[in-house]
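Some notes on the structure that comes next.
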Protein chains: 2
Amino acid sequence: MKQPDPEDAAVAGTSSLCPTCVEWRCGVGSLLTPDEARQIAAVSVRRQVPAGTELMATPNLRDSCIALLRGVVKVSRLLTDGRQQIVSLKSAPDLLGAPFAPPGEVSVRAVTEADIYCVPRHAFEAVVRQNRGLEHRLHLRALEDLSEAEALLLTLGRKTARERLATFLLDMAGRFRPAEIGKRCDTLDPAYDHDTLDLPLTRAEIGDFLGLTFETVSRQFAALRRDGLIDFSDARRVSVKDRKRLRSAAGT
Amino acid sequence: MKQPDPEDAAVAGTSSLCPTCVEWRCGVGSLLTPDEARQIAAVSVRRQVPAGTELMATPNLRDSCIALLRGVVKVSRLLTDGRQQIVSLKSAPDLLGAPFAPPGEVSVRAVTEADIYCVPRHAFEAVVRQNRGLEHRLHLRALEDLSEAEALLLTLGRKTARERLATFLLDMAGRFRPAEIGKRCDTLDPAYDHDTLDLPLTRAEIGDFLGLTFETVSRQFAALRRDGLIDFSDARRVSVKDRKRLRSAAGT
DNA sequence: CGGGTCATTGATGCTCATCAAGCACAGTGG
DNA sequence: CCACTGTGCTTGATGAGCATCAATGACCCG
């Protein structure tokens, strides 16, 4: 399944990755055993893509799953007039597009530069059939995704703009601590400030995630800052100043 | 696993069910083979519950899955101040609460009178482990639920009230044709009017599903009626008068 | 008949979208 | 080196869309 591919050349350029973590990365977290990870890697093509790349662009890719090794990716649904709703934010190490799932009418776009494995869907499915227990783990992962989607439904359906932003910040905290974007080797380093995060998204993308306009996102951030719940060192780096009040601002 | 239960007495009261369909009903659609359905039934307790019953009320039930044999059930997430978002509407025959899923912080409430099987989670999981292929079908079902949730995310995040109502009506059409609420034996009867449906939900519940107030639901229904897209014979019975314009009103 | 739930409709106001202007910054090419 | 341009962010002014509050009618049931 592993075809020689010009994209493979890009692998050389990714040697800045922590070498001791490569296998773990290939493992997409705890989803795969090392052996399963090797089997997946054997049928995959590795690529490095710049920020903004649409990953479901070609029919070839539409029939693949994507293992995200580094970077952040947004999964969106679109209306014909251009309105867009981000339905899921994925960060390494995670899997995009479940095997057995019909491709679905979504857009999948890299938010940051990203390293990915493209896994042909039918090859992935063959690996799943050959490894007892893997489908169970995929099933659990799908149920977690469903639960996350339901939490976002509550946010979009019933929360105010301020509550949405507070919810979003609490959600992002812990996922995007500074200098961790695209680097996960340091997860166990206790020196990190758990209350500071680097937002990988623009204001417009945050709006697309929360069902708001980018102006409203900007204004509500300013309001939360005025109220002393958070602070910004620059537009993308937020510090949670008062987690208790931020939680209460999120409406539980 | 089958305990003698006072609720079993209620079974006698459900003999109005089409007898030829009982097994199919137990099968929760195409999810279960007849044999699997029998195994599930053997470890379950059947109950009939009135409209409005909270199904996750007791710890006992919280640790069960529910096979919905007849009726409509809403799955909601709640905010502490009482705001509510319906994240999923289930109608017979369907399954509520996946095996292996952590119980989750949801409310599950019967919208209509309903017949259910309560399946202890661990017993269900044992059946899954003993039937190759069943987990695969549950996995596919979870992925479908996820896709539905994403579609609702787009609706809540990016559509206007009018678009939400149009989307909702198109979604309900085909699910709730008249006289089919709680009766599924007649699915193949071609005499039914595919453009008329009986809404199982109150205006307030539709609002909780679409992230609107009941007044807005009522007003938008009135507007769609004025515009000739739909008509009401009574508050719950809708006819789609112009499916093409309704689709365009739904924003695709 | 009285009280309950459900639905409709009107009046009013708040929240957030829209439109618009200006600033900071990075990249590009003269 | 410095306009020139594009992108991202902030802030202000205005208005639309929907929530809120309130009154009323239909229906059902004890």
Side-chain angles (χ1 to χ4, degrees), chain A residues 50-52 72 74 79 81-85 109 111-113 155-168 198-226 230-238 249 251, chain B residues 50-52 72 74 79 81-85 109-113 155-169 198-226 230-238 249 251:
Chain A
V72 177
K74 60 180 175 181
L79 293 172
D81 62 5
R83 280 175 290 174
Q84 161 176 188
Q85 176 64 47
R109 195 174 287 268
V111 169
T112 64
E113 183 181 83
T155 297
L156 296 188
R158 288 309 189 193
K159 290 189 185 176
T160 65
R162 182 185 175 90
E163 289 169 332
R164 292 182 205 196
L165 265 300
T167 303
F168 172 76
D198 278 337
L199 299 175
L201 303 180
T202 66
R203 300 292 189 259
E205 286 168 327
I206 296 171
D208 286 339
F209 188 66
L210 297 176
L212 302 168
T213 62
F214 68 89
E215 295 99 325
T216 298
V217 171
S218 186
R219 272 188 258 266
Q220 294 296 336
F221 272 161
L224 290 171
R225 182 187 203 174
R226 268 198 307 279
I230 60 174
D231 201 10
F232 288 90
S233 51
D234 72 62
R236 296 296 189 95
R237 179 159 293 186
V238 202
Chain B
V72 177
K74 59 179 176 180
L79 259 25
D81 62 4
R83 282 175 288 174
Q84 161 176 188
Q85 176 64 48
R109 195 175 285 271
V111 168
T112 64
E113 183 181 83
T155 297
L156 295 188
R158 288 309 188 193
K159 290 189 185 177
T160 65
R162 182 185 174 93
E163 289 169 334
R164 293 183 204 196
L165 266 300
T167 302
F168 172 76
L169 288 170
D198 277 338
L199 299 174
L201 304 180
T202 66
R203 300 293 189 257
E205 286 169 328
I206 296 171
D208 286 338
F209 188 66
L210 297 176
L212 301 168
T213 61
F214 67 88
E215 295 99 326
T216 298
V217 171
S218 186
R219 273 187 259 266
Q220 294 297 336
F221 272 161
L224 290 171
R225 181 188 202 173
R226 268 198 308 279
I230 59 174
D231 201 9
F232 288 90
S233 51
D234 72 64
R236 297 296 189 95
R237 179 159 293 187
V238 202

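All values below were derived from every heavy atom in this structure, side-chain atoms included, with hydrogens, water molecules and symmetry-related copies excluded. Proteins get letters first, then strands, A, B, ... in listed order; numbering begins at 1 in each.
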Separation of C:dC6 atom P from B:E205 atom CD, nearest Å, is 8 Å

Rounded to the nearest Å, what distance is computed from the CG atom of residue A:L210 to the C1' atom of nucleotide C:dT15? 16 Å

Reference residue A:V217; test side chain to side chain contact (heavy atoms under 4.5 Å, CB included); the match among A:I206, A:D208, A:T202, A:L201: A:I206

Remember a base hit wins even if backbone is also touched, and classify B:G207 as base, sugar-phosphate or nothing at under 4.0 Å, heavy atoms. nothing

Quick one: A:D208 CG to C:dA17 P, roughly how many Å, whole number? 11 Å

Integer-rounded Å distance: C:dT15 P and A:L212 CG: 14 Å

Under 3.5 Å, is there an N or O donor on one side and an acceptor on the other linking the side chain of A:R219 and the base of D:dG12? yes

From the set D:dT10, D:dA19, C:dT8, return the single nucleotide nearest to any side-chain atom of A:R203. D:dT10

Using heavy atoms to find the nearest nucleotide of DNA chain D for A:E215 and B:E215 separately, return the residue whose nucleotide is more 5′. A:E215

Hey, is the side chain of A:T216 poking within less than 4.0 Å of OP1 or OP2 on C:dA17, counting only N and O atoms? yes

From CZ of A:R164 across to P of C:dA17 the rounded distance in Å is 8 Å

How would you label the contact of A:G211 with the nucleic acid (heavy atoms, under 4.0 Å): base, sugar-phosphate, or nothing? sugar-phosphate

Where the side chain of B:T213 is defined as all heavy atoms beyond and including C-beta, which of D:dT11, D:dC18, D:dT20 is the nearest nucleotide? D:dT20

Let's see if you can work this out: which of D:dC18, D:dC9, C:dC16 has an atom nearest to the side-chain heavy atoms of A:T202? D:dC9

For the residue pair B:L156 and A:L156, what are the closest heavy atoms and their distance? CB-CB, 4.0 Å

Rounded to whole angstrom units, what separation is found between the NZ atom of B:K159 and the P atom of C:dC16? 22 Å

Which atoms form the tightest heavy-atom contact between B:F232 and B:R225, and what is the distance? O-NH2, 3.1 Å

Backbone N or O of A:R158 within a donor-acceptor pair of the B:R83 side chain at under 3.5 Å? yes

Expressed as a whole number of angstroms, how long is the span from B:F232:CZ to C:dT8:P? 7 Å

Sort out for me which residue in B:R164, B:R203, B:R219 forms a side chain to side chain contact (heavy atoms under 4.5 Å, CB included) with B:L212. B:R164

Between CZ of B:R236 and C1' of C:dC6 the distance, given in whole Å, is 8 Å

